[in-house]
Number of protein chains: 2
Amino acid sequence: MLRAAVEVADAGGLAGLTIRSLAQELGAKPMSVYYHVAGKDEILDGIIDHVFSQIELPSADGDWRTELRRRAASARDVLRRHRWAISLMESRTSPGPATLRHHDAVIATLRAAGFSLEMTAHAYALIDSYIYGFALQEAALPFEGPDTVADVAESIMEQFDADAYPHLVELATGYYFKTSYDFGDEFDFGLNLILDGLSAALPAESAEDRESRPAPDYRRPGTLNP
Amino acid sequence: MLRAAVEVADAGGLAGLTIRSLAQELGAKPMSVYYHVAGKDEILDGIIDHVFSQIELPSADGDWRTELRRRAASARDVLRRHRWAISLMESRTSPGPATLRHHDAVIATLRAAGFSLEMTAHAYALIDSYIYGFALQEAALPFEGPDTVADVAESIMEQFDADAYPHLVELATGYYFKTSYDFGDEFDFGLNLILDGLSAALPAESAEDRESRPAPDYRRPGTLNP
DNA sequence: AGCAGTTTCGTACAAAGTACGATACGTTGT
DNA sequence: ACAACGTATCGTACTTTGTACGAAACTGCT
């Protein structure tokens, strides 16, 4: 049921998910849907929780940076496969069991890493803001792969006076169009910066731990996908 | 025209913004609207750009951290006043002039700060992901002020087995419910961490500049709103 | 067979976007 | 003054949406 709803949404976007289209996907008539759910809102709540259930949970046992990186990558991946989920998150306010379970696992990982309650709240807000915001921007990109970046930008620039946005043009022509730029590659940079910053907030990291990890040198180019 | 559309959306959400409600706000009949715009999509594109125009632009002249902080605070403020704008950003893919102008100003500030083209792209993706993601989470909060946090959490917990989410409960009871927790206060913490991390990526920051700014100590509590 | 609970569906209505064409209004040339 | 024309408004009506209401079909059990 929810699976079918997710499939319809994946195929035709949120606007394509109607009671009628869902019924057709299920091989039934529209009003039959209403025996199983109270209304469309319940469907929306359901598919959001279904999406959350697809995100890999971090383990509190492993290295916290590795675990949080893994769940961040998984979350981004899931949100990329279900773009419509991002805008739904804003309007749905009653979290489902999978959503709560997910939150619990992340908090557990942060606590096991040694963060205080206060710092856990800070870290969680920061990390999830980044993940969701990145997914939001990725979903807003008018292109799919790294192939048509230039085309889209060109069509945009044609409509306006390119001279009015010199720095935007410089960045586009001087970097985005060079080689095969993929916005998705930006994800790791920001996530690493955030995790490094959070490491500094750990109260009791031993000296050996700190030394075993070389200081990040963001000045060195080409370190996005080592 | 766009102003009226924004007002209607502010009052009744995106769902409340219909051609008919907009016409009523304007003191006209529904079909009169169609003389001025091609369709509802054009209205949506228009109000998104209108929202962007309300965000304060950073100046390339001032201190880049101060400027970016100011524009981040302004962006968050604007997105808080117009919650519906966040989900619109995902679907609208043709940026308006105010949007492009905004992007240009931010890029200019980063470039003036000394960031390379590559690092500017990284920094911009990171900062905006954080801002949008934070706004998205803020919009998803089921409460308005810091007063009803406990109430909402309680009603959620009642529906499920509280024992199933021990860490979530610990964080809620041990921190969120203590004092008057305000999620909005988390914003500064993350933004500062990000800006500090980006500072480390500046290639040519002079020694004096670095020394004039004390090293951040995230371990010290209560430094969110100095 | 008969009955109760479960599941499906046919009909119908309200609200949404908007196509189409008619109407009214302001300006201009004569 | 008056006709003509571009600008702006609106009335009607069609389509698509969610869903209320009640009838119909099906299922399992005695």
Side-chain angles (χ1 to χ4, degrees), chain A residues 1-51 82-96 139-140 142 159, chain B residues 1-51 82-96 139-140 142 159:
Chain A
M1 170 79 195
L2 290 180
R3 223 183 314 275
V6 168
E7 276 177 31
V8 174
D10 285 343
L14 254 196
L17 174 59
T18 71
I19 298 292
R20 287 171 173 84
S21 64
L22 174 57
Q24 190 173 16
E25 174 82 16
L26 292 167
K29 296 302 162 76
M31 291 320 281
S32 304
V33 173
Y34 282 92
Y35 178 77
H36 305 276
V37 295
K40 192 169 183 182
D41 278 355
E42 196 172 296
I43 298 177
L44 298 180
D45 282 335
I47 58 179
I48 275 287
D49 205 54
H50 185 78
V51 164
H82 311 294
R83 307 162 95 77
W84 43 265
I86 302 166
S87 48
L88 257 191
M89 290 185 15
E90 184 207 12
S91 47
R92 308 286 95 197
T93 54
S94 57
Q159 296 177 11
Chain B
M1 168 81 194
L2 290 181
R3 221 185 316 274
V6 168
E7 275 177 30
V8 173
D10 286 342
L14 254 196
L17 174 59
T18 70
I19 297 291
R20 288 172 171 84
S21 64
L22 174 57
Q24 191 174 16
E25 173 82 15
L26 293 167
K29 297 302 161 73
M31 290 318 287
S32 304
V33 172
Y34 282 91
Y35 178 76
H36 305 275
V37 296
K40 192 170 184 180
D41 278 354
E42 197 173 294
I43 297 177
L44 297 179
D45 282 335
I47 59 179
I48 276 287
D49 205 55
H50 186 77
V51 164
H82 311 294
R83 307 161 96 80
W84 43 265
I86 302 165
S87 48
L88 258 191
M89 290 184 15
E90 185 208 12
S91 46
R92 308 285 96 195
T93 53
S94 57
Q159 297 177 10

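Worth knowing before you read on, the calculation uses all heavy atoms, side chains too, and leaves out hydrogens, waters and symmetry mates.
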Within the structure provided, determine whether A:His82 and A:Ile47 are in side-chain contact (heavy-atom separation under 4.5 Å).
no
Nearest to the side chain of B:Ala28, heavy atoms from C-beta on, is which of C:dT6, D:dC10, C:dG17?
D:dC10
Return the 5'-most residue of the pair A:Arg20, A:Gly27 with respect to DNA chain C, ranking by each residue's nearest nucleotide.
A:Gly27
If you check every side-chain atom of B:Met31, which of D:dA8, D:dT19, D:dG11 has the closest atom?
D:dG11
5' priority, DNA chain C, between A:Lys29 and B:Leu17 [closest heavy atom]:
A:Lys29
Would one find a side-chain N or O of A:His36 under 4.0 angstrom from OP1 or OP2 of C:dT6?
no
Any heavy-atom pair between the side chains of B:Trp84 and B:Val6 that's under 4.5 Å?
yes
How many whole angstroms separate atom CD of B:Gln24 from atom P of C:dA16?
11 Å
Among C:dA16, D:dA20, D:dG11, the one nearest B:Thr18 by side-chain distance:
C:dA16
Rounded to the Å, how far apart are B:Leu26 CG and D:dT9 P?
9 Å
So, for B:Glu42 and B:His36, which heavy atoms are closest and what is the spacing to 0.1 Å?
OE2-O, 4.1 Å
Is any side-chain N or O of A:Lys40 closer than 4.0 Å to OP1 or OP2 of D:dG18?
yes
To the nearest Å, how far apart are A:Ile19 CD1 and D:dT19 P?
6 Å
Nearest-Å distance, OH (B:Tyr35) to C1' (C:dC20)?
17 Å
What pair of heavy atoms forms the shortest contact from B:Ile19 to B:Pro30, and how long is it?
CG2-O, 3.7 Å
Short side-chain N/O contact to C:dT18 OP1/OP2 from B:Tyr34, under 4.0 Å:
yes
Contact under 4.0 Å: B:Ser32 side-chain N or O vs D:dA8 OP1/OP2
no
